[in-house]
Peer 1: 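For reference, the structure I am asking about is given below.
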Amino acid sequence: MGSYMMVTILDVVISGLLLGGIYAVTAVGLSLQYGVARVLNIAHGEFIMLGAFITYSLYTRFGINPLICFAICGPLVFAVGFILYRTLFTRLRMSSPTPGAFEGNSMLACFGLLFIIQNVAILIWGADIKGYTYLAFPVDLWGARFAANRLVTLGFALAICLVFYLFLANTRLGKAIRAAAQDPDTAGLMGVRINQVLALCFGFGALMAGLGGALISISYKIQPTMGLEYTMIALIVIVLGGLGSIPGSFVGGLVLGLVGSIVTHIEPGLSLVAYYVIFMLLLLIKPTGILGK
Amino acid sequence: MPILEGRGVTRYFGGLAAVSDVDFQVEQGEVLGLIGPNGAGKTTLFNLISAALSPRSGSITFRGKEITDLKPYQICRMGLARTFQTVKIFGNMSVLDNVLLGAFFGGEGRIASADAAEAAASALEFVGLAEAAAIPARDLTLANQKRLEVARALATRPELLLLDEMMEGLNPTEVNRAMGLVKMIQDKGITVVMIEHVMKAIMSVCGRIMVLHHGAKIAEGTPQEVSTNRTVIEVYFGERADASDS
Amino acid sequence: MKKTTSKRMFTFGLVLLILVLAACAPLYAPVYTVILLTSILMYMTIAVSWALFSGPTGYISLASAAFFGAGIYTSAILGKALPLPLVIVVGALASFCLALLVGALTLRLKGIYFVMFTFGLVELLLHFILWWEVTICGTTGRVVPPAGNATVFYAMLIILVILVLTVFIIRRSRYGLALFSIGENEEAAAHAGVHVTVLKIIIFAVSALFMGAAGAAMATRWTYIDPRIAFNPLISFMPVLMAIFGGIRPLYGPIIGAAIFTYLEEFLITRFPYYYMLIFGIIMVVAILYMPDGLVGLIQRLWKGISGRKHADT
Amino acid sequence: MLQIHNINTFYGKAQALYDLSLSVEASEIVALVGSNGAGKTTLLKTLSGLLRPASGRVVFLEKRIDGRPSYAVVEAGISHIPEGRRLFPDMSVRENLEMGAYLQRAWKQKGESLEEIYRLLPVLKAREGQLAGTLSGGEQQMVALGRGLMSKPRLCMIDEPSSGLAPVMVDEIFHIIEGLRDQGIAIFLVEQNVRHTLEIADRAYVIENGRIILAGKSEQLLSEELIRKAYLGL
Amino acid sequence: KEAAVKDKIRIGQAISLSGPLAGAVAIAGGPIYELWVEEVNKNGGIYVKEYGKKLPVELIRYDDKSDIGTMTNLLEKLILEDKVDFVFPPWGTAWLFAAAPIANKYGYILIGGPGGALKLKELSLPYFFQVLNFSETQAPALADIFKGVGVKSVAVISRGDLHGIEYGNAMVPYFKKKGIDVKMNKSFPPGIKDLSPMLKEAKSLNVDAFVAAAYPDGGMLLTGQAMELGIDFNAFFISVLPFSPKLYRGTFGAQGVEGVMGGGAWNAKTSPGAKELVDKFVARFKEEPDYWGGLYYWSSLQHFQQAIEKAGTLNQKKIRDIMAKEKFNTALGPFWYDKDRYFVNHPGEIGQWQKGVFEVIDPGPKRTAPPEYPKPPWPKK
Ligand SMILES: Nc1ncnc2c1ncn2[C@@H]1O[C@H](COP(=O)(O)OP(=O)(O)OP(=O)(O)O)[C@@H](O)[C@H]1O
Ligand SMILES: Nc1ncnc2c1ncn2[C@@H]1O[C@H](COP(=O)(O)OP(=O)(O)OP(=O)(O)O)[C@@H](O)[C@H]1O
Ligand SMILES: [Mg+2]
Ligand SMILES: [Mg+2]
């Protein structure tokens, strides 16, 4: 009996982490884009969708291993993000009278992007649900059973977030990125190339979204209209974790996954309700998120 | 009876006692100077009085009423106004609207629009910003933004005014003018507590000075007494204490 | 002085004319035009009520769908029992109360935290009501008795007119000033005597009031509603976009934004069903690039160009 | 080393600087004094690329820097310590200082520079880990100064470094500024503490309404009647 | 005078081409309407006696963005502004609920396509016709099949919406009546991201059959997770999903879906007309049609066409009256409506994937193959 309990708990916890890992990867990128580049990227989910569909096409058309697709679709989506910032958002930043106005305007522009990217994806891939199976077999861990592909996904999610965090925390560029978030003008006075740094941020955000999309396509079915849902999850996660904090986003993702898993285990009908209850309660208790300052 | 009185006022930030066990009294109609080294806890004390922060212990009374647990807007409406060291103006509103807001909401009870407009205009006139009334407040220079804060505070018809380094960034000639302003405020019957690092101003405007150091009160008295106090000279004035006119 | 009064008379006359023309629309316009006007009125109402609170204070609320949905549900529950005007009033009050509660809880959150809390609220209500209906009631969805096209049109028109008057009065009063000051610097506003919390909550609730009324009126067009329809997040997003597109500050910004957005969308959807998102998206991006302060900014700039006046406007 | 020729700067349609020219040589302290709203800050911002001059030339070490973005100006060797502190509020004191050393060449020596700053301003060492946004006004001013020195500049433009500082610290700051000159760093100093400034400066300019109205050796200016009336309050 | 210029029949449809529903529209139902229009026009159009000639058909499609408010507006635009001759239905149950009263108000015939619920009957709208089979016909058939193959116990999960509730509520009593033990009955919210706890729980209860009242999104997740975790049941049923060869068989492979049961059903063996439809569909779209409603919608349109031709006019009232009474021959055989204007002659209620074919396994004449029981385990990769 005791061991049955243990297995159940293990099962619930690991299932939660598996889900949370995916949430985390999708959120980290948005955290960067909003926390630093000040773009509330409503089209974030569209970048995830792009990553997912590129992986899908590469795998089903050319049989390229989804994990190898990372190396292709990451840089691809990065380039899209970087160029978008250099052209569109830099101009917007210059022409908006106040930072507040820039936030509003960039959100509007992102809505435009959302429409454009989604429509283009529908034209290319069609509107219907798609999926493929990869590593779809069970793995037994301490008596509990998990899907191999999800375990791999979690591993990758952890690794990606870790690398990213170390990069931001320890490098000169990472510091510049954080400074730029707080006061772009003054960061310029320190010698930071603001436009380039912000574009890099936005690009990195897109990169993370692309990788997240690639991971999602392994475990979930995909369709061109899936973006907004993931954007919303990502937003919840970054807010839950504390804005602009990469470890926060990570923890936020895992917390959300765990909560979902526990509640699904008890009363599945309330699992989504629980997400929002936890989210809102946490905000009321700690209005700046779990790891926020 | 003092208009403002504090007993054992204490506030910590983590392990740091920013204000520790400070007693103070402000008499009706006086100008009290508050000085002390950087980080002594002067601004924190203002924050405690105006309820921007709540004290860990101690009590503060204003006109005999306990105000320790009140909210900022209540304190303001009771007639206790303040300015901020790091300016907090309404940047995208016009200079006039900044002051108008104080006139509308600062006092007890409702005020007619016409009266509020008049009060705002005269407050602007008083601090010398009448000409800038229509421009957005963010386009003012820093020194003028500080003046705008004074005008906004005055428009609330206060009985007691807390001025936090209002003369920062003024040259000596302008400091003279600002000192005149403080005197005029006093002449209106408004009690003033001012934090200032400009010695000339403190010494000639304040009737009494209180000195904070590491959150504690280390001296209090007339400018004469304070400026000759050994400890104060050591921690605050430094060897050039004589050059108080600079 | 004289010039401003004559300008004001002109504006007043223009508004009156538009209003009369609009009020008579069901008499002369084709039925479908009235239907289209009704949805434009609906978006105008939501956008203006949204801008009433969020415009000056900078608290971007994504809870519009919750308040709109509360109105819809009121209609669904009481639609058979009460006459439409009463249903609208009850729907409005329901939203108002919901907003009071939500406001008291959330308005200490700032920035994106507030944004996401309000968004979470919509989803929470949606999923909770869904779960409630499914597991407790054992059924989901309700049938709403339909009302005539003209009836809904007039209901929406009246709601909008009352709303615009309310906003106008609030904006011109001292509270308008206080709302702006909250958006600029909440702390300073409090220290200048503004009872920030109460003001925020009340205005938030007033804006919800009108959204609820709009929801109650519009529900009669949909016949069948369930939580997914009632709490559609699009209703939260669109008005924000419309208001930004039009220009948040002046009262007519969200109105113009809503009108153009709704019409443009319907125009594109019916002309280019397979490409309309692409075109719409491109228009949005280009518009924002060339009109960084919204349509209103553009209009003001043009107006300044025409009248040749140098006006120190914010 | 720095030459400014006929700079004109606008805020929207309003002109703030008119045909302004001046120069700063290596190893000297040049002061700029003027009353409130005269255009001092505007000039510094124009030099460091936060504002664009409508016309005119700025030459630093033989290179044109007018109209260049801030980072290029910093890379050229000019450090601007802005008015109003402008710290990164959510970064610690230490991180703020490190940001000052963002330039590649300064980054390598950031450890030593940090030691140096802590030696000059020991208060900061004690507050190393505190978030800059929560410092007292005077403490922030010290961080701003320290941060500006971290980039190893050739020319340092300082906007009102003594504002908000207690008298002991004011002396200290002027001391530090003199020390910088002795290390060969040129200083372009905007200050309201006019007497003290003119005492340490080599030369000074007086600016009124966006125009230079007076220039000369500091000692001369100190005895000038106009200066005594308008800026020394005598 | 108007008759002289009438040169085509214009049909309007507001349907989700974008938004969350667009994916489902594309795999279930959407393409059939296009195919029918092309087919009619290939034959020169529909003969209308009133005009004395064959009139070609034009389909005007608008995108409702998966939003009901937009759909109602567009439907009224089609009727009032574009003055189309007929309208086709939107996609989805709630959408039908909103569309049916509007069409009815303007006296437009609305033949329900994908979607519908028992509740629609309560509205009793004379111009509304319903063609899909639902829980009330599928549930007894499923219970019969289970009884027949010897299922003893079952776990039921249902999507927390109208569809899930109707199916969940309908099936449980039939199972009980047949003596099948319902060991688990839970609902899950739409949009859930992990269904494995329910699979694991059902497995631990050792049930023979796992029954899910789900939509394609949840169904795909469910199948994927069951496969990944190697959780097998003797019978595995999903209401709305397995009928799609493109999505379901296409994703998991013929071997992967072997033995899975689903709502529907028909296939090329159902009738000669059905075979013809499959061939035409494959030729046009390079994939097989959906095996739930595809044949029904197709046949309802053929029925509609014959009603128009018989009426000899485009007058809705006359056509409606004929449709409500008359029986016409269509691809699936004779086609007629009951007194509530519900279509009764379903080609099949339950299907099962067997060797890449979605076989009809109902007891009785509709059956195209006997049930395969127990379902083979998920393939090990
Ligand atoms: N939120 C906070 N968290 C941590 N420490 C704080 C916070 N606010 C203030 N402090 C510290 O408390 C001390 C007192 O600060 P305060 O602002 O009252 O100083 P002050 O006397 O006004 O100094 P100055 O003359 O420089 O403005 C300082 O050392 C400051 O660093
Ligand atoms: N953002 C702005 N928009 C419009 N005008 C401005 C702006 N900033 C400053 N000004 C105006 O430009 C002039 C010069 O301002 P500046 O800040 O350079 O003065 P300053 O000499 O630094 O004054 P202070 O001693 O107060 O710092 C002032 O008249 C001011 O009102
Ligand atoms: Mg202070
Ligand atoms: Mg200045």
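Order of the sequence lines fixes the chain letters, A, B, ..., with proteins taken first and strands second; residue numbering starts at 1 for each chain.
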Peer 1: At a heavy-atom distance under 4.5 Å, which candidate from A:Ile42, A:Leu235, A:Leu113 has the highest pair count against chain C?
Peer 2: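 Looking at each of A:Ile42, A:Leu235, A:Leu113 in turn, A:Leu235 comes out on top.
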Peer 1: Checking heavy atoms, do the side chain of A:Leu240, its backbone, both or neither come under 4.5 Å from chain C?
Peer 2: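 Looking at A:Leu240, nothing touches chain C.
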Peer 1: Minimum heavy-atom separation for C:Met277 and A:Gln118, please, with both atom names.
Peer 2: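 So the minimum-distance heavy-atom pair works out to CE-OE1, 3.1 Å.
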Peer 1: Shortest non-hydrogen contact from C:Ile288 to A:Ala109?
Peer 2: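 C:Ile288 and A:Ala109 have their closest heavy atoms at CG2-CB, 3.8 Å.
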Peer 1: Out of curiosity, A:Met107 CE to C:Leu241 CG, how far, rounded to the nearest 0.5 Å?
Peer 2: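 One finds 5.5 Å between CE of A:Met107 and CG of C:Leu241.
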Peer 1: Picking from A:Leu40, A:Leu92, A:Leu284, which has the most non-hydrogen pairs under 4.5 angstrom with chain C?
Peer 2: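 Of the options given, most contacts go to A:Leu284.
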Peer 1: Counting only heavy atoms closer than 4.5 Å, note whether C:Ile60 contacts chain A via side chain, backbone, both or neither.
Peer 2: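 Neither; nothing under 4.5 Å.
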Peer 1: Under a 4.5 Å heavy-atom cut-off, does chain C meet the side chain of A:Phe102, its backbone, both or neither?
Peer 2: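 The answer is neither part of A:Phe102.
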Peer 1: Let me know if A:Glu267 has heavy atoms under 4.5 Å from chain C in its side chain, its backbone, both or neither.
Peer 2: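 The side chain, not the backbone.
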Peer 1: Supply the atom-to-atom distance C:Met116 CE to A:Met232 CE, rounded to the nearest 0.5 angstrom.
Peer 2: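 The CE atom of A:Met232 is 6.0 Å from CE of C:Met116, to the nearest 0.5 Å.
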Peer 1: Are the aromatic rings of A:Phe279 and C:Phe117 close, with centres under 6.0 Å apart?
Peer 2: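 They do not qualify: ring centres at least 6.0 Å apart.
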Peer 1: Among the options C:Leu109, C:Leu125, C:Thr106, pick out the one with the most heavy-atom pairs lying under 4.5 Å from chain A.
Peer 2: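 Of C:Leu109, C:Leu125, C:Thr106, C:Leu109 has the most heavy-atom pairs under 4.5 Å with chain A.
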Peer 1: If you measure from CG on C:Leu278 to CD1 on A:Ile117, what distance do you get to the nearest 0.5 Å?
Peer 2: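 Going from the CG atom of C:Leu278 to the CD1 atom of A:Ile117 covers 11.0 Å.
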Peer 1: Within a reach of under 6.0 Å around OH of C:Tyr263, are more than 12 heavy atoms found that belong to other residues, nucleotides or ligands?
Peer 2: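 Counting other residues, nucleotides and ligands, OH of C:Tyr263 stays at 12 neighbours or fewer.
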Peer 1: How far apart are the closest heavy atoms of A:Ile236 and C:Phe119, and which atoms are they?
Peer 2: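 The pair with the smallest heavy-atom distance is CD1-CE2, 4.5 Å.
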Peer 1: Drop me the distance from C:Leu121's CG to A:Met280's CE, to the nearest 0.5 angstrom.
Peer 2: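 It is 4.5 Å, given to the nearest 0.5 Å.
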Peer 1: When you compare the side chain of A:Phe111 with that of C:Met238, does any pair of heavy atoms fall below 4.5 Å?
Peer 2: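 Counting from C-beta outward, C:Met238 and A:Phe111 never come under 4.5 Å.
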Peer 1: Side-chain contact, heavy-atom cut-off 4.5 Å: C:Phe128 with A:Tyr276?
Peer 2: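 No. Closest side-chain heavy atoms not under 4.5 Å.
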Peer 1: To the nearest 0.5 Å, what is the distance between CE (C:Met242) and CG (A:Leu108)?
Peer 2: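 Rounded to the nearest 0.5 Å, the CE-CG separation comes to 11.0 Å.
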Peer 1: Looking only at heavy atoms, what is the nearest atom pair of C:Val285 and A:Ile116, with distance?
Peer 2: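 Shortest heavy-atom separation between C:Val285 and A:Ile116 comes out as CG2-CD1, 4.3 Å.
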Peer 1: Hey, is the main chain of C:Ile279 close enough, under 3.5 Å, to the side chain of A:Asn119 for a donor-acceptor pair?
Peer 2: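 Not a single qualifying donor-acceptor pair exists.
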Peer 1: Which atoms of A:Ile238 are under 4.5 Å from chain C, going by heavy atoms: the side chain, the backbone, both sets, or neither?
Peer 2: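 Nothing of A:Ile238, per the 4.5 Å heavy-atom cut-off to chain C.
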Peer 1: Counting only non-hydrogen atoms closer than 4.5 Å, does C:Val240 touch chain A with its backbone (N, CA, C, O), its side chain (CB onward), both, or neither?
Peer 2: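 Contact with chain A involves the side chain of C:Val240 alone.
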Peer 1: For atom CH2 of A:Trp125, is the number of surrounding heavy atoms from other residues, nucleotides or ligands below 6.0 Å larger than 12?
Peer 2: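 It does: A:Trp125 CH2 has more than 12 such atoms within range.
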Peer 1: Is there side-chain contact between C:Tyr275 and A:Leu123, with at least one heavy-atom pair below 4.5 Å?
Peer 2: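 With C-beta onward as the side chain, the pair touches.
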